[in-house]
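Only a predicted model underlies this, so the values are computations on that prediction, with no experimental measurement involved.
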Amino acid sequence: MPRPALPPGVIVGVVAGALFAGCITRWLAPERRLTGTCDGACAYYLGCKHADGPDARAACVVDCGGVFGSPEQIRAFESLSCRDVVEFVDGIPPASVPVAR
């Protein structure tokens with residue numbers, strides 16, 4: 001027994017709803033690029049602190065190499081919020097650190 005065909009308006013509505021939901025999700029939780037590299041992790045961390053510069057970046061990359069053992073661990077770090085990243089690195093409670101959102 002064949003199914004009755006859906007009216008074109010229903011199909012358009014479902015597609016439009018899916019696209020809208022995808023846009024809302026990206027707006028509420030924008031994607032960060034998880035690099036799995038110390039350079040990417042340091043760019044994120046220093047951006048959160050508003051402290052990026054050549055000397056800070058070089059020191060961070062050296063420290064990162066000694067802290068993380070794999071790209072997967074770095075990606076996990078990169079997936080944290082700015083507040084959590086700063087607390088993880090600096091050990092300072094997030095409430096006392098002005099960070100980017």
Side-chain angles (χ1 to χ4, degrees):
M1 174 183 248
R3 287 189 192 167
L6 292 174
V10 171
I11 294 170
V12 170
V14 169
V15 170
L19 290 173
F20 181 72
C23 290
I24 292 295
T25 301
R26 284 183 182 233
W27 180 72
L28 291 174
E31 293 179 32
R32 281 195 300 271
R33 185 166 173 254
L34 304 180
T35 66
T37 66
C38 284
D39 193 50
C42 288
Y44 180 50
Y45 162 69
L46 293 170
C48 288
K49 285 191 67 164
H50 303 290
D52 203 359
D55 293 338
R57 177 74 62 103
C60 179
V61 169
V62 169
D63 290 344
C64 173
V67 172
F68 297 110
S70 71
E72 290 79 23
Q73 290 176 338
I74 296 171
R75 279 191 286 275
F77 173 80
E78 291 175 308
S79 71
L80 296 173
S81 70
C82 271
R83 288 184 169 276
D84 290 341
V85 162
V86 172
E87 184 177 11
F88 179 88
V89 174
D90 296 345
I92 299 171
S96 63
V97 178
V99 295
R101 297 188 196 271

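In this structure, the separation between CD on E78 and OG1 on T35 is 3.5 Å, given to the nearest 0.5 Å. Between the CD atom of E87 and the SG atom of C48 there is a distance of 13.0 Å, given to the nearest 0.5 Å. The CG atom of D63 sits 10.5 Å away from atom CZ of F68, with the distance rounded to the nearest 0.5 Å. In this structure, F77 CZ and F88 CZ are separated by 6.5 Å, a value rounded to the nearest 0.5 Å.
Applying the salt bridge (charged side-chain N to carboxylate O under 4.0 Å, His left out) criterion to R75, with sequence neighbours excluded, gives E72. V62 pairs by the side chain to side chain contact (heavy atoms under 4.5 Å, CB included) definition with nothing, not counting sequence neighbours.
SG atoms of C38 and C60 are separated by 2.5 angstrom or more, inconsistent with a disulfide link.
Nearest approach of Y44 to L80, heavy atoms of both residues: OH-O, 2.7 Å.
Hydrophobic clustering of Ile, Leu, Val, Met, Phe, Trp and Tyr side chains at less than 4.5 Å, counting indirect connections, unites V67 with I74. Linking ILVMFWY residues whenever their side-chain heavy atoms come closer than 4.5 Å, directly or via other members, leaves V61 and L46 in distinct clusters.
Put simply, the side chain of K49 does not reach to within 4.5 Å of the side chain of V89, judged on heavy atoms.
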